[in-house]
Amino acid sequence: MDAEVAVIGLGTMGSMAMWQLARRGVSVLGFEQFGIGHDQSAAGGESRLFRTAYFEGAEYVPLLQEAFSQWRELEQESGFNLLTINGGLMIGDPESDFIKSVMNSIQMHQLDHEVLDEKAAKEHFPQHRLLPGEVMVLDKQAGFLRPELSVLAAVQSAEKLGATVQKHAQVQEIIPDEHGVNIKANDAYYRVKKVIITAGPWTGTLLPELQKQLTVQRLVMTWYPILTEKKFDIDQFPTFIRMSRDITFFGAPTLDGSMVKVALGTFYGQVDDASALDRSVDVQSLQKVNCAVSQLMSGLHPAPSRVSAYMDAYTPDNDAIVGIHPQFNNTVVLGGFSGHGFKMAPIFGQIAADLATTGKTDYPIDHLSLARFL
Ligand SMILES: Cc1cc2nc3c(=O)[nH]c(=O)nc-3n(C[C@H](O)[C@H](O)[C@H](O)COP(=O)(O)OP(=O)(O)OC[C@H]3O[C@@H](n4cnc5c(N)ncnc54)[C@H](O)[C@@H]3O)c2cc1C
């Protein structure tokens with residue numbers, strides 16, 4: 001045996017699974033087809049929003065609270081600064097499903113927050129031009145994560161604890177049998193007891209039985225130059241999600257002092273082959289977000305200075321796939337995080353480690369089972 005557990009794909013979830021296994025003293029071997037902390041798939045683009053008042057469902061709040069502690073533990077172990085809590089503004093119509101769901105999470109879990117009516121919002125956060133009647137809800141346990149650094153931090157911390165990493169090693173075949181799993185990577189063979197597959201947009205390539213259920217979508221991030229000084233620094237400009245008129249957009253404060261990330265929460269086309277992601281973005285595709293920036297924000301130049309394309313795997317119900325493969329009990333699969341998995345990654349790493357070592361977990365993951373699709 002080359003290790004007890006192999007992790008295929010050391011991006012967001014794989015890096016965290018490896019770290020959590022290494023912390024438990026399990027021997028672990030990780031494979032990554034690119035370098036560690038690359039930006040070729042779902043974990044690129046400088047920042048990821050962290051939120052606790054979750055409009056996607058109040059049931060996620062305890063997981064998010066636990067994820068917060070785990071991020072702090074990873075920071076301590078790695079020495080990297082990964083999570084900045086500078087608040088998160090949820091902006092929209094108070095009667096919209098979006099704001100109602102945010103308030104529901106807040107009320108059910110008594111989360112620290114502030115509601116700003118139109119007048120107060122304009123006074124405190126003039127960077128946003130509010131529409132009549134819109135409000136802001138400030139989630140105080142929100143902010144942003146540094147994605148590339150987070151992956152690097154988890155992998156390095158795992159390595160310090162004895163994990164082995166194969167970088168630039170593309171896994172070509174995974175062959176489970178009764179007693180273990182054979183893995184072929186860069187034309188060499190490895191043998192382990194259990195395997196965790198965390199291949200993100202490539203999950204359907206490694207597990208063709210899931211190909212139909214996992215759609216890979218292209219997402220484009222845009223950064224706009226700052227025209228007014230200082231209004232977009234971390235301490236003045238909380239992260240935000242805004243659902244106004246017919247668009248959803250979100251953003252994070254400036255990290256370099258010259259531009260602010262503001263991006264649309266829409267897809268820019270389906271990706272048929274994750275290895276051939278089209279990273280070019282035409283001007284027409286940017287018009288909607290340029291329009292939102294010029295009409296709904298103040299102090300930004302209305303054309304981006306930086307544009308980058310990324311991708312993530314989506315399931316039909318936008319809930320991830322997490323569990324033991326129904327046909328191979330030595331294979332754990334995590335995929336389809338549907339555009340909102342990053343903030344909870346250390347918890348999914350715990351779940352992967354639980355499943356690979358004990359075959360079960362105390363976390364509530366029944367709704368994420370593979371069986372619902374296979
Ligand atoms: C632009 C964008 C913005 C987002 N914003 C947010 C946000 O604000 N907050 C939030 O919580 N979530 C956000 N998400 C979602 C979140 O980033 C993803 O859900 C999460 O990163 C998915 O992690 P993953 O491990 O499944 O995939 P990845 O991080 O892509 O990891 C998969 C890894 O597997 C490797 N791999 C694949 N095949 C092989 C192979 N055969 N051999 C070896 N290695 C292989 C890949 O190279 C990659 O490193 C966003 C996603 C995108 C794309």
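Order of appearance sets the numbers: ligands from 1, and atoms from 1 within every ligand.
Heavy-atom contacts of Gln170 reach the following atoms of ligand 1: 41 (N), 42 (N) (cutoff under 4.0 Å). Ligand-side atoms of ligand 1 in range of Ser41: 28 (P), 30 (O), 48 (C), range being under 4.0 angstrom from any heavy atom. The atoms of ligand 1 that sit less than 4.0 Å from any heavy atom of Pro201 are 30 (O). Close contacts of ligand 1 with Asp312, meaning ligand atoms under 4.0 Å from a residue heavy atom, involve 15 (C), 16 (C), 18 (C), 19 (O), 22 (C). Of all atoms in ligand 1, listed by their number and element, those nearer than 4.0 Å to a heavy atom of Phe34 are 47 (O). Shown in contact with His38 at under 4.0 Å from a heavy atom are these atoms of ligand 1, numbered in order with element: 47 (O), 48 (C), 49 (O). Interface atoms of ligand 1 facing Ala169, defined by a heavy-atom separation under 4.0 Å, are 42 (N), 43 (C). Ligand-side atoms of ligand 1 in range of Thr198: 32 (C), 33 (C), 34 (O), range being under 4.0 angstrom from any heavy atom.
For atom 31 (O) of ligand 1, the nearest non-hydrogen atom from the set Gly30, Gly14, Gly11 comes from Gly11. Closest to atom 39 (C) of ligand 1 by heavy atom, among Lys261, Gln172, Gln33, is Gln33. Between the choices Arg48, Met221, Met311, the shortest heavy-atom distance to atom 52 (C) of ligand 1 belongs to Arg48.
Ranking the protein heavy atoms by distance from atom 12 (N) of ligand 1 puts Phe342 N, 3.3 Å first. Looking at atom 26 (O) of ligand 1, its nearest protein heavy atom turns out to be Gly200 CA, 3.4 Å. In this structure, atom 34 (O) of ligand 1 lies nearest to the protein heavy atom Gly9 CA, 3.2 Å. Atom 42 (N) of ligand 1 has its closest protein heavy atom at Val171 N, 2.9 Å. Closest to atom 38 (N) of ligand 1, if we only count protein heavy atoms, is Trp202 CB, 3.3 Å. Protein heavy atom closest to atom 21 (O) of ligand 1, with residue, atom name and distance, is Thr12 OG1, 2.7 Å. Scanning all protein heavy atoms for the shortest distance to atom 10 (C) of ligand 1 gives Lys343 NZ, 3.3 Å.
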Take Lys160 and Glu77, measure what salt bridge (Lys or Arg N to Asp or Glu O under 4.0 Å) needs, and give me the verdict at the end.
-> CA-CA 10 Å; Lys160 271 191 232 154; Glu77 279 186 36; over 6 Å; no
For Ile247 and Val289, what are the C-alpha separation, side-chain angles and deciding distance, and is it a side chain to side chain contact (heavy atoms under 4.5 Å, CB included)?
-> CA-CA 9 Å; Ile247 61 164; Val289 60; over 6 Å; no
Check against side chain to side chain donor-acceptor pair (under 3.5 Å), Trp202 and Ser275 = CA-CA 8 Å; Trp202 287 265; Ser275 295; 2.9 Å; yes
What do the steps show when you test Glu56 against Arg51 for salt bridge (Lys or Arg N to Asp or Glu O under 4.0 Å), and what is the final call?
-> CA-CA 11 Å; Glu56 291 90 336; Arg51 300 172 277 128; 2.8 Å; yes
Side chain to side chain contact (heavy atoms under 4.5 Å, CB included) assessment of Val135 paired with Leu130 = CA-CA 8 Å; Val135 295; Leu130 287 207; over 6 Å; no
Worked verdict on His113 versus Leu138 for side chain to side chain contact (heavy atoms under 4.5 Å, CB included) = CA-CA 5 Å; His113 76 289; Leu138 177 63; 6.0 Å; no
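A donor atom on one side chain and an acceptor atom on the other are not found under 3.5 Å apart for Glu59 and His367. Judged purely by distance below 3.5 Å, without hydrogens or angles, the side chains of Glu66 and Gln350 never pair a donor atom with an acceptor atom.
Under a 4.0 angstrom heavy-atom cut-off, Gly339 registers as being in contact with ligand 1. At a 4.0 Å cut-off, not a single heavy atom of Gly45 sits close enough to ligand 1 to count as contact.
Residue Ala42 has at least one N or O atom closer than 3.5 Å to an N or O atom of ligand 1. The shortest N or O to N or O distance between Met13 and ligand 1 is under 3.5 Å. Residue Glu32 has at least one N or O atom closer than 3.5 Å to an N or O atom of ligand 1. For a threshold of 3.5 Å applied to N or O pairs, the pair formed by Gly335 and ligand 1 contains no separation below that value. In terms of N/O distances under 3.5 Å, ligand 1 is approached by Leu49.
Sequence neighbours left out, the pairs with a member in residues 29-39 that pass side-chain hydrogen bond (donor to acceptor under 3.5 Å, both in side chains) are Glu32-His38, Gln33-Gln170.
In this structure, Asn330 contributes its side chain and Gly180 its backbone to a donor-acceptor pair below 3.5 Å.
Atom OG of Ser78 and atom CG of Leu149 lie 7.5 Å apart (nearest 0.5 Å). Taken to the nearest 0.5 Å, the CD1 atom of Ile8 stands 7.5 Å off from the OG1 atom of Thr198.
Salt-bridge check for Glu46 with Arg306: passed, with a basic side-chain N closer than 4.0 Å to an acidic carboxylate O.
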Return all side-chain donor-acceptor pairs below 3.5 angstrom for residues 332-349, not counting sequence neighbours, or 'none' if the list is empty.
residue : atom : partner : partner atom : Å
Ser338  : OG   : Thr315  : N            : 3.2
Ser338  : OG   : Gly336  : O            : 2.9
His340  : ND1  : Tyr54   : OH           : 3.0
His340  : NE2  : Asn318  : O            : 3.1
Lys343  : NZ   : Tyr54   : OH           : 3.0
Lys343  : NZ   : His340  : O            : 3.3

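Between Phe237 and Phe125, the distance separating the two ring centers is not shorter than 6.0 angstrom.
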